[in-house]
Amino acid sequence: MNIGVSTACLYPEPLEEALYSLAVNGVSNVEIFVNTHSELKKSFAHGVASLLKRFDVKCTSVHPFTCEIEPLMFFSNYERRINDMLEYYKLYFRFMNIVGADTFVFHGGKPMSTLTPELYCERYLQLYRLGKEFGVTVAVENVSRCKSANSSFVKDIANRLGDEFAFVLDTKQAIRAGESPFRFIEAVGDKITNVHISDSGEMGDCLLIGKGRFNFRQFFEKLNAVSPDCNITLELYRNGFGGISDLITSYNTLNRMIRNIGGERQS
């Protein structure tokens, strides 16, 4: 398992400045949150790729700023929207090819009676297969306001889709939806490619590592047993920490936890 940090933690710092701040402080893996259309231009993507190469940082995943309109564009009955959005998402996949990212984070649709598992799978498959044409894996993320918040629903679509399914597990979003993050591990197992992680407890569900009571040891042991190569990304909101040093402390703490889990597994 590889530990990283999301550039979204430093929002609203411009993407390249957030990335630079993480890189100069020794973060070796990042998730890039693309914040606006102009950042999808080839020239901008090549600038990001140069920065990654300069500091020997790997971009493991990309998160789109258009996630909020995915319910409207992918899951309505207006077919032209779907076609337009598939065409637009090629820009993200091209960006990912330039920066070397493998996983694309997909929020998907919101809970509504018309969004059946069959429809969800049909629309998701269109995007998943388009991503594969670019060498990209589109992974559904559990988001508390979306259909994917429910672990039973995620298990259902995972079973329907088989090998054409991948998953991003967000621990804080699971807690917000009244779910245990462990349920998602049980539901999809080795389909988990990435994890968005933070601590949680009485003070909130999106805390610096060590500021809550989340059972990281048990979580990482269970995750390591089913998906040992997944990426673990620290994702916090900007009001949840003081400065870059807080992020780096949490990043280093997570790395020590993973090393301990890995060492025990080898022994």
Next item on the list: With the side chain counted from C-beta on, respond yes when C206 and F241 share a heavy-atom pair under 4.5 Å apart, and no when they do not.
Entry: no

Task: Y120 side chain vs F75 backbone, donor-acceptor pair below 3.5 Å - done: no

Find out whether H196 and S6 are in side-chain contact, i.e. whether some heavy atom of one side chain is under 4.5 Å from a heavy atom of the other. no

Which of E179, R176, Q173 passes side chain to side chain donor-acceptor pair (under 3.5 Å) with S144? It is Q173

The reported gap from CG in L52 to CG in L19 (rounded to nearest 0.5 angstrom) is 5.0 Å

One should read off an interatomic distance between M257 CE and M1 CE, to the nearest 0.5 angstrom, of 11.5 Å

* Is it true that Y128 and F165 have ring centroids separated by less than 6.0 Å? -> no

- Message: Would you say the ring centers of F74 and H107 fall short of 6.0 Å from each other?
- Response: no

For A49 and I98 the tightest heavy-atom approach is CB-O, 3.5 Å

Discussion item. Tell me whether I175 shares a hydrophobic cluster with F167, the cluster being built from Ile, Leu, Val, Met, Phe, Trp, Tyr side chains joined at under 4.5 Å.
Written reply: no

- Within a strict 4.5 Å, meaning less than it, do heavy atoms of the V57 and L22 side chains meet? no

| query | Are there more than 12 heavy atoms of other residues, nucleotides or ligands under 6.0 Å from atom NZ of K58? | reply | yes

Tightest non-hydrogen contact, residues N29 and N2, listed as ND2-CB, 3.9 Å

Problem set entry | Donor-acceptor pair, side chain of T7 and main chain of I32, under 3.5 angstrom | no

* Can you hop from V226 to F216 via hydrophobic side chains spaced under 4.5 Å? -> yes

Evaluate the criterion side chain to side chain contact (heavy atoms under 4.5 Å, CB included) for residue pair V48 and F44; output intermediate values, then yes/no. CA-CA 6 Å; V48 170; F44 187 87; 3.6 Å; yes

- Query: Relative to each other, are the rings of F93 and F104 parallel, tilted or perpendicular (30° and 60° limits)?
  - Reply: perpendicular

| Residues K132 and E164 bridged, charged N to O under 4.0 Å | no

(Q) Tell me if the centroids of the rings in F33 and F65 come within less than 6.0 Å of each other. (A) no

Identify whether L254 and L207 are in the same connected component of the hydrophobic contact network (ILVMFWY, side-chain heavy atoms under 4.5 Å).
-> no

For D205 and S200 the tightest heavy-atom approach is CA-CB, 3.7 Å

query = Hey, are the side chains of D229 and T193 touching, using non-hydrogen atoms and a 4.5 Å cut-off?
reply = no

For this output row, return yes or no: ring centroids of F55 and Y20 closer than 6.0 angstrom. yes

- Do other residues, nucleotides or ligands put more than 12 heavy atoms under 6.0 Å from Y11 OH? no

key: L247 and L10: CA distance, side-chain angles, deciding distance, side chain to side chain contact (heavy atoms under 4.5 Å, CB included) verdict   = CA-CA 9 Å; L247 288 181; L10 294 170; 3.9 Å; yes

When every non-hydrogen atom of T114 is compared with those of L119, the smallest separation belongs to O-CD2, 3.6 Å

Problem set entry | F153-V168 co-clustered via ILVMFWY side chain contacts under 4.5 Å | no

Quick one: do R123 and E70 make a salt bridge, cutoff under 4.0 Å? no

TODO: Decide yes or no on side chain to side chain contact (heavy atoms under 4.5 Å, CB included) for T171 and F219, but give the supporting numbers first.
DONE: CA-CA 10 Å; T171 59; F219 180 80; 3.9 Å; yes

message = If you count heavy atoms of other groups shown closer than 6.0 angstrom to CD of Q218, is the number above 12?
response = yes

Original post:
Do the side chain of D170 and the main chain of N142 share a donor and acceptor less than 3.5 angstrom apart?
Top reply: no

In short, V138 meets G131 closest at the heavy-atom pair CG2-CA, 4.4 Å

Rounding to 0.5 Å, atoms CG (L130) and CD (E87) come to a distance of 8.0 Å

To the nearest 0.5 Å, atom NZ of K222 lies from atom CD1 of I185 at 7.5 Å

message = Tell me whether R183 is salt-bridged to E186, with the criterion being a basic N under 4.0 Å from an acidic carboxylate O.
response = no

Looking only at heavy atoms, the pair that brings C9 and V5 closest together is SG-CG1, 4.0 Å

Practice item. Look at the side chain of E17 and the backbone N and O of E13, then say whether any donor-acceptor pair between them is shorter than 3.5 Å. Key: no

Taking S152's backbone N and O only, do any of them form a donor-acceptor pair with D156's side chain (distance below 3.5 Å, no angle check)? no

Query - Any donor-acceptor N/O pair, S148 side chain to E141 backbone, under 3.5 Å - result: yes

Requested in this report: Report yes or no: does N25 contribute a side-chain atom to a donor-acceptor pair with the main-chain N or O of S21 at less than 3.5 Å?
Outcome: yes

Counting distance only, does the side-chain N/O of T253 pair as donor-acceptor with the main-chain N or O of T249 below 3.5 Å?
yes

Check your understanding: Is K172 salt-bridged to D199, going by a charged N under 4.0 Å from an acidic O?
Key -> no

_The test is side chain to side chain contact (heavy atoms under 4.5 Å, CB included); show your working for N231 and E31 and say whether it passes._
CA-CA 10 Å; N231 298 296; E31 176 173 285; over 6 Å; no

Whether N97 side chain and F134 backbone form a donor-acceptor pair below 3.5 Å: yes

Report task. May I ask you to decide if G162's main-chain N or O and K191's side chain share a donor-acceptor pair within less than 3.5 Å? Result -> yes

Practice item. List the steps, then state whether side-chain hydrogen bond (donor to acceptor under 3.5 Å, both in side chains) holds for T66 with Y89. Key: CA-CA 9 Å; T66 47; Y89 271 37; 2.9 Å; yes

Value for OG1 (T60) from CG (N194), rounded to nearest 0.5 Å, stands at 5.5 Å

Shared hydrophobic cluster for V105 and Y124 (ILVMFWY, side-chain gaps under 4.5 Å): no

Q.
Are the side chains of C59 and V30 in contact, using a 4.5 Å heavy-atom criterion?
A. yes

Can you tell if the side chain of I197 reaches within under 4.5 Å of the side chain of I3, non-hydrogen atoms only? no

One should read off an interatomic distance between F106 CZ and H63 NE2, to the nearest 0.5 angstrom, of 11.5 Å

Review point. Can E221 and R217 be counted as an ion pair, charged N to O under 4.0 angstrom?
Key: yes

